[in-house]
Student: 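This structure is in structure tokens; I'll ask about it shortly.
We count ligands from 1, going down the list as the structure has it; atoms in each ligand are counted the same way.
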Amino acid sequence: PGWFSEISSMWPGEAHSLKVEKILFQGKSDYQNIMVFQSSTYGKVLVLDGVIQLTERDECAYQEMITHLPLCSIPNPRKVLVIGGGDGGVLREVARHSSVEKIDICEIDNMVVDVSKQYFPDVAVGYEDPRVTLHIGDGVAFLKAVPEGTYDAVIVDSSDPIGPAQELFEKPFFELVAKSLRPGGVVCTQAESIWLHMDIIEDIVSNCRQTFKGSVNYAWTTVPTYPSGMIGFMLCSTEGPPVDFKHPVNPIDENECQKSVRPLKFYNSEIHAAAFCLPSFAKRKIGPK
Ligand SMILES: NCCCN[C@H]1CC[C@H](NCCCN)CC1
């Protein structure tokens, strides 16, 4: 009874609110405050330090796009690394790709994993796949220990630059990601909103263009419960076999009902291509040169 409002200095002067039926969990990990509540119209909601991470109703848009934009852009992804993504939703989506043999995930906060398994079983189902290995720790330290050229794809499913994920938006991290990828390997990172954080995005694009010598593209999707109703992604590839992110070479059929979980709710090949179309104000600043 009452309302949750997502008030943050990262989006001054605005706040998205959700009607609360019941608070289900409140706790504090070594890194952040964690809350779960039952909303009236978006299912259960996961909140970290007052910022909405996912809701049962619209998490499909984010988890499917951040996963299939990179994985459908290369012919045969085999080894995949997820940085962050402790809720398990990205793992659920990576598991749809039968070519994948190994899925490593490095999440800094074990409480996020435990809370997701308890309150969001349809999201945390990703942990049940036998190809998954969970590493609890800092993504930068993990990448420093990874042999060069290990992964075909890296997915950086982070929270926002204020908090534990701060370093995942800086150049040294992008350089470590580039080293961990094989030639023609791909990375997809959570890349904020062009309505709210164009300055941050310009820095990210600049750092990526210096670090990834293949292609660098910004894509986006709608997520009703993220501020400004959308979220972007940086799609980059390392030097090597060229990657054309706008044309998925490895399509995943939205009706393909593999042994794994439910059919895709959001992603398909048309929306993959459309995701790279930018409004003019954004094209000028972060569009292809
Ligand atoms: N697996 C879901 C994790 C969600 N990642 C992020 C959670 C915070 C959210 N803030 C949006 C801020 C405005 N761009 C972005 C996605």
Student: Hey, is I52 touching ligand 1 through its side chain, its backbone, both or neither, going by heavy atoms under 4.0 Å?
Tutor: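 For I52, only backbone atoms sit under 4.0 Å from ligand 1.
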
Student: Who pairs with S180 by side-chain hydrogen bond (donor to acceptor under 3.5 Å, both in side chains), at least two apart in sequence or on another chain?
Tutor: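 side-chain hydrogen bond (donor to acceptor under 3.5 Å, both in side chains) list for S180, sorted by chain: empty.
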
Student: Could you tell me the residue and atom name of the protein heavy atom closest to atom 5 (N) of ligand 1, and the distance to it rounded to 0.1 Å?
Tutor: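 Atom 5 (N) of ligand 1 sits closest to the protein heavy atom S158 O, 3.0 Å.
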
Student: Can you name the residues that form a side-chain hydrogen bond (donor to acceptor under 3.5 Å, both in side chains) with Y218, not counting sequence neighbours?
Tutor: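 Partners of Y218 under the side-chain hydrogen bond (donor to acceptor under 3.5 Å, both in side chains) test: none.
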
Student: Write out the residue and atom name of the closest protein heavy atom to atom 3 (C) of ligand 1, then the distance separating them to 0.1 Å.
Tutor: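 Its nearest protein heavy-atom neighbour is D157 OD1, 3.1 Å.
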
Student: How are the rings of F233 and Y62 set relative to one another: parallel (under 30°), tilted (30 to 60°) or perpendicular (over 60°)?
Tutor: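 Aromatic pair F233/Y62 classed tilted.
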
Student: For the salt bridge (Lys or Arg N to Asp or Glu O under 4.0 Å) test, which of R78, R182, K79 pairs with D152?
Tutor: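 In the set R78, R182, K79, the residue that makes a salt bridge (Lys or Arg N to Asp or Glu O under 4.0 Å) with D152 is R182.
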
Student: I need the nearest protein heavy-atom contact for atom 2 (C) of ligand 1: residue, atom name and distance, please.
Tutor: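 It is D87 OD2, 3.3 Å.
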
Student: Is any N or O atom of Q190, backbone or side chain, closer than 3.5 Å to an N or O atom of ligand 1?
Tutor: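 Between Q190 and ligand 1, no N or O pair is found under 3.5 Å apart.
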
Student: Give the ring-plane orientation class for F37 versus F4, where under 30° counts as parallel, over 60° as perpendicular and anything between as tilted.
Tutor: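 It falls in the tilted class, 30° to 60°.
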
Student: Please check if any side-chain donor atom of S206 sits under 3.5 Å from a side-chain acceptor atom of E202, or the reverse.
Tutor: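 There is no such pair between these side chains.
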
Student: When you measure from atom 10 (N) of ligand 1 to every protein heavy atom, which one gives the shortest distance, and what is it?
Tutor: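 Going atom by atom, the protein heavy atom closest to atom 10 (N) of ligand 1 ends up being D160 OD2, 2.8 Å.
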
Student: Quick one: sort the H68 and H97 rings into parallel, tilted or perpendicular, breaks at 30° and 60°.
Tutor: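 Because their plane-to-plane angle lies in the 30° to 60° range, the rings of H68 and H97 count as tilted.
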
Student: Among all protein heavy atoms, pick the one closest to atom 13 (C) of ligand 1 and tell me residue, atom and distance.
Tutor: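 Nearest neighbour among protein heavy atoms for atom 13 (C) of ligand 1, to 0.1 Å: E192 OE1, 3.5 Å.
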
Student: Between M10 and ligand 1, which part of the residue brings a heavy atom under 4.0 Å of the ligand: side chain, backbone, both or neither?
Tutor: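 Under 4.0 Å from ligand 1, M10 contributes no heavy atoms.
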
Student: Which residue supplies the protein heavy atom nearest to atom 7 (C) of ligand 1, what is that atom called, and how far is it?
Tutor: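 Closest protein heavy atom to atom 7 (C) of ligand 1: Q53 OE1, 3.2 Å.
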
Student: For ligand 1, is there an atom lying under 4.0 Å from some heavy atom of G89?
Tutor: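 Contact absent.
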
Student: Would you check whether W11 has a nitrogen or oxygen atom less than 3.5 angstrom from a nitrogen or oxygen atom of ligand 1?
Tutor: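 No, no N or O pair falls under 3.5 Å.
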
